[in-house]
Asks: 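Just dropping this structure here.
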Amino acid sequence: MRKPKNGQDGLYPIYLRITVDGKSSELSVKRKCHTSSWNARTGRSNGTKEATREFNAYLDALTQQAYQAKRHLIEAAKDVTSDAIKRNMTGADDEGKRTIMEVFDRHNQRLKALEGTGFASNTVKRYATTLEHTKSFLKWKYNAEDLDIRKLDHETISEFDFWLKSVQKRNHNSTMKYLSNFKKIVLIAVKNNWLPSDPFANFKFTKKPVQRHALTEQELTRIASKNFNNERLQSVKDIFIFSCYTGLEGATLIIFWSLVRAQQGEQNGLY
């Protein structure tokens with residue numbers, strides 16, 4: 001508690017004092033307490049009323065935040081000083097700071113650069129869609145275009161899960177796929193020490209069985225009449241249609257199809 005110059009009402013502002021190796025820095029907690037209820041020994045307010053409990057809980061949370069800032073500095077191999085902890089808590093320490101969209105954008109740009117060589121087009125599209133969902137979620141949850149990646153926690157992941165299912169109307173399995181894509185971005189931050197812990201640590205990925213229905217005759221006809229420019233896809237389509245009409249599947253079908261292609265090659269003088 002610090003007495004202001006013109007403090008006449010007995011309500012004095014409270015400060016958080018951070019001391020490391022004898023050197024201190026102070027940070028206003030933006031709350032006041034009456035002198036009659038303040039306990040200088042415990043650094044908390046005396047009393048059992050709900051307002052007092054909430055006030056003390058707020059101070060407890062700030063204390064934990066200070067220890068988290070210290071841990072972050074240690075994990076980042078930075079000097080732990082009172083001023084460094086204060087800057088980390090107030091967000092003034094932007095060195096090494098990363099945001100969710102920054103990390104996600106960089107990941108997707110690299111993915112796009114390797115499209116067709118290291119990654120399939122569908123993979124690139126899937127991550128692009130997940131990025132757009134992430135943008136919309138941050139706007140819905142935080143009313144922000146981006147967020148400091150250090151603020152990600154288990155609650156954020158749970159809220160993302162809820163948002164995908166309730167707002168976006170995605171089914172359970174699709175939601176799990178989007179969250180799995182997002183987890184890859186989170187793990188990049190964890191491995192680079194931009195995020196102290198994995199917020200997915202206690203999140204369970206589950207997959208619900210899907211009841212698949214047989215194709216109708218019209219659907220099968222549409223597939224059969226579809227022509228692909230890619231020879232490999234065309235062969236896959238032919239094998240699939242052949243299996244539908246013959247009932248052959250698995251290894252038997254692969255062996256049979258290989259024999260057919262070999263016979264075609266002999267007839268055409270290729271072998």
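Excluded from the calculations below are hydrogen atoms, water molecules and symmetry mates; all remaining heavy atoms, backbone and side chain alike, are included.
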Asks: Can you find a pair of side-chain heavy atoms, one from F200 and one from L187, that are under 4.5 Å apart?
Replies: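 F200 does not reach L187 side chain to side chain.
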Asks: Working to the nearest 0.5 angstrom, can you tell me the gap between K151 NZ and L195 CG?
Replies: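 So the gap between those two atoms works out to 13.0 Å.
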Asks: To the nearest 0.5 Å, tell me how far I185 CD1 sits from F182 CZ.
Replies: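 Between I185 CD1 and F182 CZ, I get 8.0 Å after rounding to 0.5 Å.
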Asks: Please report the interatomic distance SG(C244) to CD1(I239), rounded to the nearest 0.5 Å.
Replies: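 Reported value, rounded in 0.5 Å steps: 12.0 Å.
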Asks: Identify the two heavy atoms, one from P199 and one from S197, that lie closest to each other, and give their separation to 0.1 Å.
Replies: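 Shortest heavy-atom contact: CD-O, 3.2 Å.
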Asks: Checking T156 against D153: is there a side-chain donor and acceptor pair closer than 3.5 Å?
Replies: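 Yes, T156 and D153 have a side-chain donor paired with an acceptor closer than 3.5 Å.
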Asks: Side chains of F137 and Q168: does their closest heavy-atom pair fall under 4.5 Å?
Replies: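 Not touching, per the 4.5 Å side-chain cut-off.
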Asks: Provide the full list of salt bridge (charged side-chain N to carboxylate O under 4.0 Å, His left out) pairs with a residue in residues 195-208, sequence neighbours left out, each pair given once.
Replies: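 Listed by first then second residue: nothing to list.
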Asks: Say you draw a straight line from NZ of K183 to CZ of F160; how long is it, rounded to the nearest 0.5 Å?
Replies: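 Going from the NZ atom of K183 to the CZ atom of F160 covers 14.5 Å.
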Asks: Show the nearest heavy-atom pair for residues L16 and M89, with the distance to one decimal.
Replies: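 Of all heavy-atom pairs spanning L16 and M89, the closest is CD2-CE, 3.7 Å.
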Asks: Same cluster or not: are I223 and Y245 linked, directly or through other Ile, Leu, Val, Met, Phe, Trp or Tyr residues, by side-chain heavy atoms under 4.5 angstrom apart?
Replies: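 Yes, I223 connects to Y245 through the hydrophobic network.
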Asks: Among all residues two or more places apart in sequence or in another chain, which pass the salt bridge (charged side-chain N to carboxylate O under 4.0 Å, His left out) test with E115?
Replies: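 Salt bridge (charged side-chain N to carboxylate O under 4.0 Å, His left out) list for E115, sorted by chain: K112.
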Asks: Are any of the side-chain heavy atoms of Q234 and N227 separated by less than 4.5 Å?
Replies: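 In contact.
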Asks: Tell me, please, which residues at least two apart from S24 pass side chain to side chain donor-acceptor pair (under 3.5 Å).
Replies: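 Side chain to side chain donor-acceptor pair (under 3.5 Å) list for S24, sorted by chain: T19.
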Asks: Do side-chain atoms of N39 reach the backbone of R44 as a donor and acceptor pair under 3.5 angstrom?
Replies: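 Checked: no pair found.
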Asks: According to the interplanar angle, ranging from 0 to 90°, do the rings of F162 and W140 count as parallel (below 30°), tilted (30 to 60°) or perpendicular (above 60°)?
Replies: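 Judged by the thresholds at 30° and 60°, the geometry between F162 and W140 is tilted.
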Asks: Quick one: are T52 and N46 in side-chain contact, heavy atoms under 4.5 Å?
Replies: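 Side chain of T52 against side chain of N46, heavy atoms only: no contact under 4.5 Å found.
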Asks: Determine the interplanar angle of the F203 and F205 rings, folded into 0 to 90°, and report it as parallel if under 30°, tilted if 30 to 60°, perpendicular if over 60°.
Replies: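 It falls in the perpendicular class, over 60°.
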Asks: Does the side chain of I149 reach to within under 4.5 Å of the side chain of T99, using non-hydrogen atoms?
Replies: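 I149 does not reach T99 side chain to side chain.
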Asks: Considering only heavy atoms from C-beta outward, does the side chain of K141 approach that of L147 to under 4.5 Å?
Replies: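 SC-SC contact between K141 and L147 ruled out.
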Asks: Would R170 count as a cation-pi partner of Y178, with NZ or CZ less than 6.0 Å from the six-membered ring centre and within 45° of the ring normal?
Replies: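 No, R170 does not lie over the aromatic ring of Y178.
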Asks: Report yes if the side chains of N88 and R150 come closer than 4.5 Å at any heavy-atom pair, otherwise no.
Replies: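 Counting from C-beta outward, N88 and R150 do come under 4.5 Å.
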Asks: Are the side chain of S180 and the backbone N or O of M176 linked by a donor-acceptor pair below 3.5 Å?
Replies: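 Such a contact is absent between S180 side chain and M176 backbone.
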Asks: Listed by chain and number, what are the side-chain contact (heavy atoms from CB on, under 4.5 Å) partners of I74, not counting sequence neighbours?
Replies: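 For I74, the residues satisfying side-chain contact (heavy atoms from CB on, under 4.5 Å) (neighbours in sequence not counted) are K70, V80.
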Asks: For residues 100-110, which residue pairs qualify under side-chain hydrogen bond (donor to acceptor under 3.5 Å, both in side chains), counting only residues two or more places apart or in two chains?
Replies: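 Found H107-K184.
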Asks: Does S174 reach the main-chain N or O of N171 with its side chain, forming a donor-acceptor pair under 3.5 Å?
Replies: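 Judged by distance alone, no pair lies under 3.5 Å.
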Asks: List the atom of M101, the atom of T134, and the distance in Å for their closest heavy-atom pair.
Replies: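 Heavy atoms only, the tightest pair is SD-CG2, 4.2 Å.
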Asks: Under 3.5 Å, is there a donor-acceptor pair between the side chain of H172 and the main chain of T206?
Replies: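 Yes.
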Asks: Should I85 and Y15 be counted in the same cluster of Ile, Leu, Val, Met, Phe, Trp and Tyr side chains packed under 4.5 Å apart?
Replies: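 In one cluster: no.
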Asks: Salt bridge (charged side-chain N to carboxylate O under 4.0 Å, His left out): which pairs involve residues 13-22, sequence neighbours left out?
Replies: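 Counting only pairs at least two positions apart or across chains, the salt bridge (charged side-chain N to carboxylate O under 4.0 Å, His left out) contacts touching residues 13-22 are R17-E26.
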Asks: When you look at NZ of K165, are more than 12 heavy atoms from neighbouring residues, nucleotides or ligands closer to it than 6.0 Å?
Replies: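 Yes, because the 6.0 Å sphere around NZ of K165 holds more than 12 heavy atoms from other groups.
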Asks: Please answer: with hydrophobic residues joined when any side-chain heavy atoms are less than 4.5 Å apart, are V124 and L233 in the same cluster?
Replies: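 No: no chain of side-chain contacts under 4.5 Å links V124 to L233.
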Asks: Going by an N to O cut-off under 4.0 Å, is there a salt bridge joining D83 and K23?
Replies: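 Here D83 does not pair with K23 in a salt bridge, since their nearest N and O are not under 4.0 Å apart.
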Asks: Can you measure from OG (S45) to CZ (R53) and round to the nearest 0.5 angstrom?
Replies: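 S45 OG to R53 CZ: 12.0 Å, rounded to 0.5 Å.
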Asks: Quick one: closest heavy-atom pair of D148 and R98, and the distance?
Replies: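 Scanning both residues completely, I find the closest heavy atoms to be OD1-O, 3.3 Å.
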